[in-house]
J.: 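Before I ask anything, let me first share the structure, which is written out below as structure tokens.
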Amino acid sequence: ASELGDSSDLGEFHPDLRGEHAFHIQAGDVHDRFLHTAPSGRFIVSTAPQDGTIAHMDAETIDILRELNGRFYREQAASFDATRHGSWPGWERLLASCGHLFETGHARLYDMACGNLRFERFLLERYPACTLDVHASDNCPQLVAPTEQVVFEQRDILAELLEQEAVQPTAEKPGACDLAVSFAFLHHVPTRKLRVRVLEELASHVGSSGYVAVSLWRFMRSERIAQLALDATERGCARWGIHGLEAGDYLLGWQNKPDAFRYCHHFSDDEVRDLAQCLDTQAVLVDSYVADGRNSGGGGGNVRAFVLFHR
């Protein structure tokens with residue numbers, strides 16, 4: 001939402017989303033408020049503290065969103081997998097910083113929420129001489145085709161983190177990996193607190209000279225996806241009785257199926273900057289960039305941000 005730009009104290013009108021309207025209202029030094037008209041004409045209002053913190057989402061809403069996403073991937077695994085086979089252009093810049101890990105002949109990778117393992121296929125095609133040991137985890141085993149290089153573990157990461165008070169920092173341990181990644185997952189994680197804990201969990205898998213890389217989806221920069229998100233959010237929240245979404249939180253549909261919804265969070269520029277700094281006691285920020293805008297569908301600019309850390 002922050003990509004709409006600055007506004008005066010009285011607020012600024014922004015024509016947006018193919019004829020719908022959005023208003024960005026500056027409310028002192030406490031919150032930015034964003035009002036969108038959904039297709040029904042109802043206003044969708046979200047708030048986001050300027051200091052990077054978030055309003056409190058209750059545990060019941062978090063559980064509903066987690067279960068909604070689990071249901072989506074279980075039921076739509078086949079059609080989702082069919083659309084997820086190409087590599088991401090943003091991975092090229094990532095390898096400019098950490099590609100040397102795969103030129104040594106042997107590398108260890110941890111992939112949280114690995115999906116259908118397309119990042120692993122990308123690495124194996126790029127570095128055929130490298131022996132790649134992969135520890136991959138996901139809560140949807142239907143997406144994961146077994147391979148010799150991959151040790152797969154079914155994990156509900158969010159359920160585990162919700163049961164823990166905090167991720168305990170660990171010293172380098174035997175078998176620590178060289179690179180820990182999580183692509184196309186953090187937008188499914190509600191609340192800043194849980195997103196930070198996901199990053200801390202990733203860092204706990206990496207040795208003292210390893211890297212951590214994540215992607216952050218900024219789908220509301222795409223006019224086409226934004227239009228679909230507003231409509232699906234209104235329908236999905238009514239269908240599932242969801243209340244208390246935070247700024248940047250939406251539901252997205254899938255292939256015009258009437259009851260297929262998944263929770264997704266749009267990352268503003270401020271949120272990307274904030275998350276890029278949240279591992280400052282465990283890792284050093286190496287790179288933060290935006291890429292992969294070619295399929296944004298409507299001139300929305302680069303729709304993925306990438307953040308790379310080094311321990």
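All values reported here derive from a predicted model rather than from experimental measurement.
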J.: State which residues pass ring pair (Phe, Tyr, Trp, His ring centres under 6.0 Å) with Phe309; sequence neighbours excluded, sorted by chain then number.
T.: none
J.: Taking side chain to side chain contact (heavy atoms under 4.5 Å, CB included) as the test, write out the residues that go with Ala184, two or more places apart.
T.: Trp88, His187
J.: At what distance, to the nearest 0.5 angstrom, does CG of Leu132 lie from OH of Tyr127?
T.: 11.0 Å
J.: Hey, does His265 have a side-chain heavy atom less than 4.5 Å from the side chain of Arg195?
T.: yes
J.: Kindly write out the residues that satisfy side chain to side chain contact (heavy atoms under 4.5 Å, CB included) with Ala159, not counting sequence neighbours, or none if the list is empty.
T.: Arg66, Asp156
J.: Grab the two heavy atoms, one from Arg121 and one from Asn116, that are nearest each other, plus how far apart they are.
T.: NH1-O, 2.6 Å
J.: Leu117 versus Phe119: any side-chain heavy-atom pair under 4.5 Å?
T.: no
J.: So which heavy atom on Ala291 is nearest to which on Gly90, and how close?
T.: CB-CA, 3.9 Å
J.: Does atom CG of Asn256 have more than 12 heavy-atom neighbours, drawn from other residues, nucleotides or ligands, at distances under 6.0 Å?
T.: no
J.: Let me know which of Phe183, Tyr73, Trp217 forms a ring-ring contact (aromatic ring centres under 6.0 Å, His included) with His188.
T.: Tyr73
J.: Under a 4.5 Å side-chain heavy-atom rule over Ile, Leu, Val, Met, Phe, Trp and Tyr, are Leu285 and Leu199 clustered together?
T.: yes
J.: When rounded to the nearest 0.5 angstrom, what is the spacing between OG in Ser208 and NE2 in His310?
T.: 8.0 Å
J.: Taking the side chain as everything from C-beta on, heavy atoms only, tell me whether Ile225 gets closer than 4.5 Å to Tyr250.
T.: no
J.: Find out whether Tyr211 and Leu101 are in side-chain contact, i.e. whether some heavy atom of one side chain is under 4.5 Å from a heavy atom of the other.
T.: yes
J.: Please tell me whether Val272 and Val290 are part of a single hydrophobic cluster in this structure, the criterion being side-chain heavy atoms less than 4.5 Å apart.
T.: no
J.: Minimum heavy-atom separation for Pro258 and Arg235, please, with both atom names.
T.: O-NH1, 4.0 Å
J.: Go through it in stages, so that I can follow the logic: the residues are Arg218 and Asp269, the test is side-chain contact (heavy atoms from CB on, under 4.5 Å), and I'd like the CA-CA distance, side-chain angles, deciding distance and then a yes or no.
T.: CA-CA 9 Å; Arg218 311 186 317 153; Asp269 290 344; 2.6 Å; yes
J.: Decide if atom CD of Glu60 counts as having more than 12 heavy atoms of other residues, nucleotides or ligands within a radius under 6.0 Å.
T.: no
J.: Minimum heavy-atom separation for Gly253 to Arg262, with atom names?
T.: O-NH1, 2.8 Å
J.: With the 4.5 Å side-chain cut-off for hydrophobic clustering, are Ile242 and Leu162 part of the same group?
T.: yes
J.: Does Leu228 share a hydrophobic cluster with Phe72, counting links as ILVMFWY side-chain heavy atoms below 4.5 Å and allowing steps through other members?
T.: no
J.: Before you tell me yes or no, could you show the steps for Asp259 and Trp240 under side-chain contact (heavy atoms from CB on, under 4.5 Å), namely the whole-Å CA-CA distance, both residues' side-chain angles and the distance that decides it to 0.1 Å?
T.: CA-CA 10 Å; Asp259 202 32; Trp240 293 100; 4.0 Å; yes
J.: Which of parallel (below 30°), tilted (30 to 60°) and perpendicular (above 60°) describes Phe80 and Trp254?
T.: tilted
J.: Measuring only between side-chain heavy atoms, which start at C-beta, is Leu251 closer than 4.5 Å to Leu68?
T.: yes
J.: Say you draw a straight line from CG of Leu186 to CG of Leu202; how long is it, rounded to the nearest 0.5 Å?
T.: 7.5 Å
J.: To the closest 0.5 Å, what do you measure between CG (Asp178) and CG (Leu109)?
T.: 9.0 Å
J.: Hey, are the side chains of Ile157 and Val189 touching, using non-hydrogen atoms and a 4.5 Å cut-off?
T.: no
J.: I want to check a possible cation-pi pair here: Arg304 against Phe306, using under 6.0 Å from ring centre and within 45° of the ring axis as the test.
T.: no
J.: I'd like to know if the side chain of Arg311 reaches the main chain of Val284, judged simply by a donor and an acceptor atom lying under 3.5 Å from each other, with no hydrogens or angles considered.
T.: no
J.: For Tyr110 and Ser137, which heavy atoms make the closest approach, and how far apart are they?
T.: OH-OG, 2.9 Å
J.: With heavy-atom distances below 4.5 Å as the criterion, would you say the side chains of Val307 and Leu275 are in contact?
T.: no
J.: Looking at every heavy atom in both Phe219 and Ala229, which two are closest together, and how far apart are they?
T.: CE1-CB, 4.3 Å
J.: Between the main-chain N or O of His243 and the side-chain N or O of Thr61, is there a donor-acceptor pair closer than 3.5 Å?
T.: yes
J.: Can you tell me how far apart CE (Met112) and CG (Asn139) are? Round to the nearest 0.5 Å.
T.: 12.5 Å
J.: Do the side chain of His135 and the main chain of Val150 share a donor and acceptor less than 3.5 angstrom apart?
T.: no
J.: What distance do Leu245 atom CG and Met57 atom CE have between them, rounded to the nearest 0.5 Å?
T.: 5.5 Å
J.: Check ring pair (Phe, Tyr, Trp, His ring centres under 6.0 Å) between Phe152 and all other residues, then give those that pass, not counting sequence neighbours.
T.: none
J.: Please, which pairs that meet salt bridge (charged side-chain N to carboxylate O under 4.0 Å, His left out) have at least one residue in residues 122-131, sequence neighbours excluded?
T.: Glu92-Arg126
J.: Do any N or O atoms from the side chain of Arg118 and from the backbone of Ser87 form a donor-acceptor pair under 3.5 angstrom?
T.: no
J.: Determine, stepwise, if the pair Arg221 / Asn302 fulfils side-chain contact (heavy atoms from CB on, under 4.5 Å).
T.: CA-CA 8 Å; Arg221 295 178 67 91; Asn302 293 319; 5.6 Å; no
J.: Kindly indicate, with the supporting measurements, whether the criterion side-chain contact (heavy atoms from CB on, under 4.5 Å) is fulfilled by Asp133 and His106.
T.: CA-CA 8 Å; Asp133 293 334; His106 179 260; 2.5 Å; yes
J.: Could you tell me which residues satisfy salt bridge (Lys or Arg N to Asp or Glu O under 4.0 Å) with Glu75, sequence neighbours excluded, listed by chain and number?
T.: Arg71
J.: Using side-chain heavy atoms (C-beta onward) and a distance below 4.5 Å, is Asp111 in contact with Asp138?
T.: no
J.: Give a yes or no on whether the backbone of Met220 and the side-chain of His266 come within a donor-acceptor separation of less than 3.5 Å.
T.: yes
J.: Keeping Gln282 on the side-chain end and Leu279 on the backbone end, is there a donor-acceptor pair under 3.5 Å?
T.: no
